[in-house]
Student: 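First the structure, then my questions, so here it is.
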Number of protein chains: 2
Amino acid sequence: MMRRPTLHAVAARAGVSKSSVSRVINGEPTVAPSIRETVLAAVAELGYVPNGAARNLVTQRTNTIAIIVSDPPQGLVSDDPMFAMVVRAASRELERTGFQVSLVLAGSDDSRRRVEQYLAGGHVDGAILVSMDGADPLPASLSRTGLPIVSHGRLATPGLMPWVDNDNQGGATQAVQHLLDQGRRRIATISGPLDMTAAQERLAAYRDTLKDTGRRSIVALGDFTRISGAEAMRQLLDDDPQLDAVFAANDLMAIGALRTLREAGRRVPDDVAVIGFDDIEAARYTAPALTTIRSPMTDQAVRTTQLLLDLLSTGAATPVVLPTELIVRESA
Amino acid sequence: MMRRPTLHAVAARAGVSKSSVSRVINGEPTVAPSIRETVLAAVAELGYVPNGAARNLVTQRTNTIAIIVSDPPQGLVSDDPMFAMVVRAASRELERTGFQVSLVLAGSDDSRRRVEQYLAGGHVDGAILVSMDGADPLPASLSRTGLPIVSHGRLATPGLMPWVDNDNQGGATQAVQHLLDQGRRRIATISGPLDMTAAQERLAAYRDTLKDTGRRSIVALGDFTRISGAEAMRQLLDDDPQLDAVFAANDLMAIGALRTLREAGRRVPDDVAVIGFDDIEAARYTAPALTTIRSPMTDQAVRTTQLLLDLLSTGAATPVVLPTELIVRESA
DNA sequence: GCACACTCAGGGAACGTTCCCTGAGAGGGA
DNA sequence: TCCCTCTCAGGGAACGTTCCCTGAGTGTGC
C-alpha cells in the first residue's frame with residue numbers, strides 16, 4: 001500500500017514551505033490568497049489528509065472523548081435500550097461539536113486496569129462515565145488521573161466529578177402516589193440493584209411515600225433486566241397473594257412483571273396495577289400499555305455531554321437534576 | 001496540571017538509556033534482569049504510561065478499530081436492540097484482542113465526509129461497517145481508502161469488502177413455511193426498508209415461498225421500527241380484512257403489528273398468526289409470546305470482528321453466512 | 001528620503017516514541 | 001593467547017505535525 005502523502009509532499013508540490021501548508025490546512029488568516037489557492041490545489045491533487053497521530057503528539061490534544069460503560073461481567077450481551085439511547089445521543093452530540101468518540105467497555109478487573117492506562121496514555125481529552133454502580137472503584141481511580149470526566153447518573157461517592165441525573169426520588173414518589181390515588185391498598189415494589197444510586201433513590205422514595213400512609217412495604221429485588229422483573233414478580237405473588245399494585249424501578253422489569261402476572265392469571269390493571277420507570281419506547285407496546293414515569297434519557301445524555309464540554313472549556317461544571325413526568329397508559 | 005513523565009524521565013530516574021526503557025516497556029526479551037527491575041521500579045515510582053500519539057506516529061499503527069453505524073437522519077434517537085447487541089459484542093471482542101474501539105455515527109452527508117477524512121487520517125487500523133443500506137455511498141468510498149474494512153450484513157454492491165450475514169433467505173422461508181404448515185390461507189408480510197439487503201432477501205423469500213403454493217402476496221412496507229410495524233399492520237387489515245397470518249421482517253415490527261391487532265380486536269394466534277424475525281429478547285415478553293426466526297446477532301457481530309482480524313493479519317477474508325432457526329412460541 | 005511598523009513566508013526545534021546501528025564487553029574455541 | 005561470535009546497552013535518526021522565531025519585503029508617516 002502506497003504511503004500517504006505528507007505535509008512535506010504537499011509543500012514540495014505547491015512550491016511553498018510546509019509552514020504555509022500547515023497554515024492553510026488549519027485555516028489561519030495570515031496567508032496570501034495566491035498561496036492558499038496553490039496549496040489547496042496541491043492538497044486536492046495528492047489527496048492529502050493530515051496525520052492524526054503527528055498532530056496529537058505536538059498539540060497534546062486528541063479531540064477524542066471516551067464513553068465508558070460498565071459491561072456486565074456475565075458472558076451475556078444485553079439489549080438494554082439505555083445503552084443504545086445514551087451512547088447514541090452522547091456520540092451524536094460529541095460528533096456535532098467536532099469530537100471523536102472512543103467507546104470503552106469496563107468489565108473485569110483486568111479491563112479496569114486497561115481503562116486507566118488508556119486514559120492515562122493521553123488517548124483522550126476527557127471522558128463520560130455511564131451509569132456506574134456504587135461498588136465500582138473505577139470512578140475514583142479515574143478521577144485521580146486529573147482528566148476532565150463527568151458521570152451520566154449520580155455516583156455513590158459524592159464529589160468525585162460533576163454529574164447529570166434525573167429526579168429519581170421525585171419520579172418514584174409520583175409513581176407510588178399515583179397508585180395510592182387509585183385506591184390501591186397493597187403496593188409492592190421491584191427494586192433495581194442496590195449498589196446503583198438510581199435503584200436506591202427509587203426504593204427510598206417508595207418506602208417514604210408508603211410510610212406516610214401507614215402501609216407496609218413489600219420489596220423484591222431485581223437487577224433492571226426483564227427476566228429479573230419476571231422472577232421478582234413471582235416472588236412477590238408468593239409473599240403476598242393479595243397485592244394489588246406493583247411499582248417496578250424500571251420499565252424492563254415492569255415488562256417482566258407483566259409476563260409473570262399474565263402467566264399467573266392476574267388481570268392488569270383490574271387485579272394488579274403495574275407502573276414502571278423510564279418510559280422506554282417498548283412501554284407503548286406492552287399489553288396492556290405500560291403506565292410509567294418518563295425520564296428524559298436522551299436529554300440526560302446530551303446534558304451530560306454538554307457538562308463535559310463545559311468542563312473542558314471553563315474548567316468547572318455543576319451537577320444537574322432533570323425533572324420526570326408521570327405517563328398514564330393502561331396498566332395503572 | 002503537571003506534565004506526565006516521559007520515557008526520558010524514566011530513563012534518567014533509572015539511570016539507563018531510553019532505548020532500554022522502551023525495551024522493557026515493550027517486553028523485549030533481550031534485556032538484563034537487573035536493568036528490567038530498575039526500570040520497572042522507576043516506571044512504578046513515576047507512574048509512567050507511554051504516550052499513545054507518539055507511539056502511533058512512529059509505529060504507523062493505532063490499535064484502534066472504527067465501528068461505523070449509520071445514524072438515522074431524523075433527530076430521533078432510537079433504542080434499536082440491534083445497535084446495543086452488535087456494538088457491545090463487537091467492542092467486547094475487539095477489546096479482548098487488544099484493540100480500542102472508535103465509535104463513528106454516519107448520518108448526514110456532511111458527517112460522511114468527516115468519516116472519510118477520519119479513516120484517511122490514519123486514526124484507525126481498520127473498520128467495521130454495521131448494516132449499511134444499499135443507497136449509502138459510504139461503503140464504496142471507504143473501501144477506496146485501502147484500509148481493511150468488513151461489513152456486518154451483506155452490502156448491496158457486491159465485492160467491495162468481506163461480510164458476515166445471517167441466512168435471510170432461509171430464515172424467511174422457514175417462517176412462511178411454518179405459517180403454511182399451520183394451514184394459514186392468507187399470509188401477508190411487513191417488509192423492511194427495501195434499500196437494505198436483509199429486507200430485500202426476506203421479502204423475496206416470502207414471495208417465492210408463497211408463489212409455489214399459488215397464493216398471492218400481500219405486502220406492506222415498514223422501516224424496521226415498532227411504529228412502522230403498527231402502521232403497516234393497519235394498512236394490511238384495510239387491504240385484506242380476511243388475512244389470517246403475518247410475517248414481519250423483524251421482531252420490532254412484529255411487536256408493532258401485535259399492538260395494532262389487539263386494538264383491532266383480532267386474537268393472536270386464533271384469528272391472525274404473527275411471526276417475526278431476529279428473536280430479540282423482547283420477543284419472549286410479548287403477549288402472546290412471539291414466534292420468530294432466531295438470527296444469531298451476537299454471533300454475527302463476533303464473527304464480523306474476527307473476519308476483520310483475519311483481514312488484518314492474513315490480508316484475506318471470505319464472506320460468512322450464519323444459519324437461522326425457527327423458534328415457536330405462542331403467536332404462530 | 002529615511003526610519004519604522006507591519007504583513008506574511010520560511011527554517012527549524014519540539015512533541016515522545018520506536019528501531020536501526022554501533023560498539024563494549026563477555027565467553028568460547030583453536 | 002588471540003580472535004571471533006554473541007549478547008545486550010546506548011546514541012540518534014525518523015515519524016509528521018505545530019508553532020515560535022527570524023527576516024524579507026512593502027507600505028506609511030514625517
Side-chain angles (χ1 to χ4, degrees), chain A residues 1-40 42-43 46-64 100 117-118 120-125, chain B residues 1-40 42-43 46-64 100 117-118 120-125:
Chain A
M1 186 169 51
M2 201 187 57
R3 186 65 125 255
R4 286 174 25 230
T6 69
L7 200 65
H8 192 77
V10 176
R13 186 82 192 72
V16 300
S17 75
K18 58 193 168 63
S19 302
S20 293
V21 179
S22 176
R23 275 188 275 264
V24 172
I25 296 294
N26 293 298
E28 286 177 35
T30 75
V31 52
S34 68
I35 289 204
R36 161 165 289 123
E37 253 175 64
T38 326
V39 168
L40 253 23
V43 165
L46 299 178
Y48 169 75
V49 177
N51 179 294
R55 192 175 255 182
N56 293 346
L57 179 59
V58 64
T59 58
Q60 307 281 43
R61 300 194 72 231
T62 60
N63 273 314
T64 301
Q100 314 296 345
Q117 294 266 335
Y118 182 62
H123 294 267
V124 300
D125 297 341
Chain B
M1 184 168 52
M2 201 187 57
R3 185 69 125 249
R4 288 174 25 228
T6 69
L7 200 65
H8 193 77
V10 176
R13 186 81 192 75
V16 300
S17 75
K18 55 191 170 65
S19 303
S20 293
V21 179
S22 176
R23 276 188 275 265
V24 171
I25 297 294
N26 293 298
E28 287 178 34
T30 75
V31 53
S34 69
I35 288 204
R36 162 163 289 121
E37 252 175 64
T38 326
V39 168
L40 253 24
V43 165
L46 299 178
Y48 169 75
V49 177
N51 179 295
R55 193 175 256 182
N56 293 346
L57 178 58
V58 65
T59 59
Q60 305 281 45
R61 300 194 71 230
T62 61
N63 273 313
T64 301
Q100 315 295 345
Q117 294 267 332
Y118 182 62
H123 295 267
V124 301
D125 297 341

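Within every chain, numbering begins at 1; the chains are lettered A, B, ... in the order of the sequence lines, protein sequences first and strands thereafter. For the numbers below, each heavy atom of this structure counts, side chains included, while hydrogens, waters and symmetry mates do not.
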Student: From NZ of K18(B) over to P of dC20(C), roughly how many Å is that when rounded to an integer?
Tutor: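 These atoms are roughly 14 Å apart.
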Student: Per the atom types in the model, does the base of dG16(C) pair as donor or acceptor with the side chain of R4(B) at under 3.5 Å?
Tutor: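 When only heavy-atom distances are counted, R4(B) does not reach the base of dG16(C) through any donor-acceptor pair under 3.5 Å.
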Student: Do the side-chain N or O atoms of S17(B) get closer than 4.0 angstrom to the phosphate oxygens (OP1, OP2) of dG11(D)?
Tutor: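 No.
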Student: Could you tell me whether the side chain of T62(B) and the main chain of H123(B) form a donor-acceptor pair under 3.5 Å?
Tutor: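 Judged by distance alone, yes, a pair lies under 3.5 Å.
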Student: The side chain of A54(A) is closest to which nucleotide in this list: dT18(D), dT17(D), dC19(D)?
Tutor: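 It is dT17(D).
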Student: dG16(C) C1' sits how many Å from L57(B) CG, rounded?
Tutor: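 It works out to 9 Å between those atoms.
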Student: Measure across A14(B) and A42(B) and return the closest heavy-atom pair with its distance rounded to 0.1 Å.
Tutor: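 For A14(B) and A42(B), the tightest heavy-atom pair comes out as CB-CB, 3.9 Å.
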Student: For atom CZ of R13(A), decide whether the heavy atoms of other residues, nucleotides or ligands shown that lie under 6.0 angstrom number more than 12.
Tutor: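 No, the 6.0 Å shell around CZ holds no more than 12 heavy atoms from other groups.
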Student: Check this one for me: any side-chain N or O of T59(A) less than 4.0 Å away from OP1 or OP2 of dT18(D)?
Tutor: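 No, outside the criterion.
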Student: Keeping the roles fixed (side chain from R23(A), backbone from T30(A)), state whether a donor-acceptor pair exists under 3.5 Å.
Tutor: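 A pair under 3.5 Å: no.
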Student: So which protein N/O to nucleotides 4-8 of chain D N/O distances come out below 3.5 Å?
Tutor:
none

Student: Can you check whether R55(A) reaches I25(A) side chain to side chain, under 4.5 Å on heavy atoms?
Tutor: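 R55(A) vs I25(A): side chains touch.
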Student: To the nearest Å, give me how far apart CD (E28(A)) and P (dA9(C)) are.
Tutor: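 About 11 Å, once rounded to whole Å.
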Student: Nearest to the side chain of V16(A), heavy atoms from C-beta on, is which of dC20(C), dG16(C), dG10(C)?
Tutor: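 Taking heavy atoms from C-beta onward, the closest nucleotide is dG10(C).
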Student: Would you indicate whether E28(B), at its atom CD, is surrounded by more than 12 heavy atoms from other residues, nucleotides or ligands within a distance under 6.0 Å?
Tutor: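 Count over threshold, so yes.
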Student: Can you tell me how far P of dT18(C) sits from CZ of R23(B), to the nearest Å?
Tutor: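 Spelled out: CZ on R23(B) to P on dT18(C) is 11 Å.
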Student: Rounding to a whole Å, what distance do you find between L7(A):CG and dG10(C):P?
Tutor: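 Rounded to the whole Å, the gap is 12 Å.
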Student: Which whole-number value in Å describes the distance from R61(A) CZ to dG16(D) P?
Tutor: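 About 23 Å, once rounded to whole Å.
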Student: Measure across Y48(B) and T6(B) and return the closest heavy-atom pair with its distance rounded to 0.1 Å.
Tutor: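 What the structure gives for the nearest pair is CE1-C, 3.5 Å.
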Student: Ignoring the backbone of V58(A), work out which of dG16(D), dC20(D), dT18(C) is nearest its side chain.
Tutor: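 Closest of the options to the side chain of V58(A): dG16(D).
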Student: Would you say Q60(B) reaches dT18(C)'s phosphate, i.e. side-chain N/O to OP1/OP2 under 4.0 Å?
Tutor: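 For Q60(B), the contact criterion (side-chain N or O under 4.0 Å from OP1 or OP2 of dT18(C)) is not met.
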Student: Has N26(B) got a side-chain N or O lying under 4.0 Å from the OP1 or OP2 atom of dT18(C)?
Tutor: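 Answer is yes, contact under 4.0 Å.
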Student: Please report the distance, rounded to the nearest Å, between CG in N56(B) and C1' in dC15(D).
Tutor: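 Going from CG in N56(B) over to C1' in dC15(D) covers 11 Å.
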Student: Given dG16(D), dT17(C), dG10(C), identify the nucleotide with an atom nearest to the side chain of S20(A).
Tutor: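 That would be dG10(C).
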Student: Determine: side-chain N/O of S19(A) to OP1/OP2 of dA9(C), distance under 4.0 Å, yes or no.
Tutor: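 It does not, given that no N or O in the side chain of S19(A) lies less than 4.0 Å from OP1 or OP2 of dA9(C).
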Student: Taking side chain as C-beta onward, heavy atoms only, is V39(A) less than 4.5 Å from V16(A)?
Tutor: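 Yes, close enough: below the 4.5 Å cut-off.
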Student: To check you understand the geometry: which heavy-atom pair defines the closest contact between A54(B) and L57(A), and what is its length?
Tutor: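 Minimum heavy-atom separation between A54(B) and L57(A): CB-CD1, 3.6 Å.
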Student: Please report how far the helix from dG1(C)-dC30(D) to dA30(C)-dT1(D) bends, comparing the axis fitted to its first five pairs with the axis fitted to its last five, to the nearest 10 degrees.
Tutor: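 The angle separating the two end axes equals 50°.
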Student: Grab the CG-P distance between N51(A) and dC15(C) for me, whole Å please.
Tutor: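 Going from N51(A) (CG) to dC15(C) (P), I get 18 Å.
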Student: Please report the shortest heavy-atom distance between V24(B) and R36(B), naming the atom on each side.
Tutor: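 Minimum heavy-atom separation between V24(B) and R36(B): CG2-CA, 4.0 Å.
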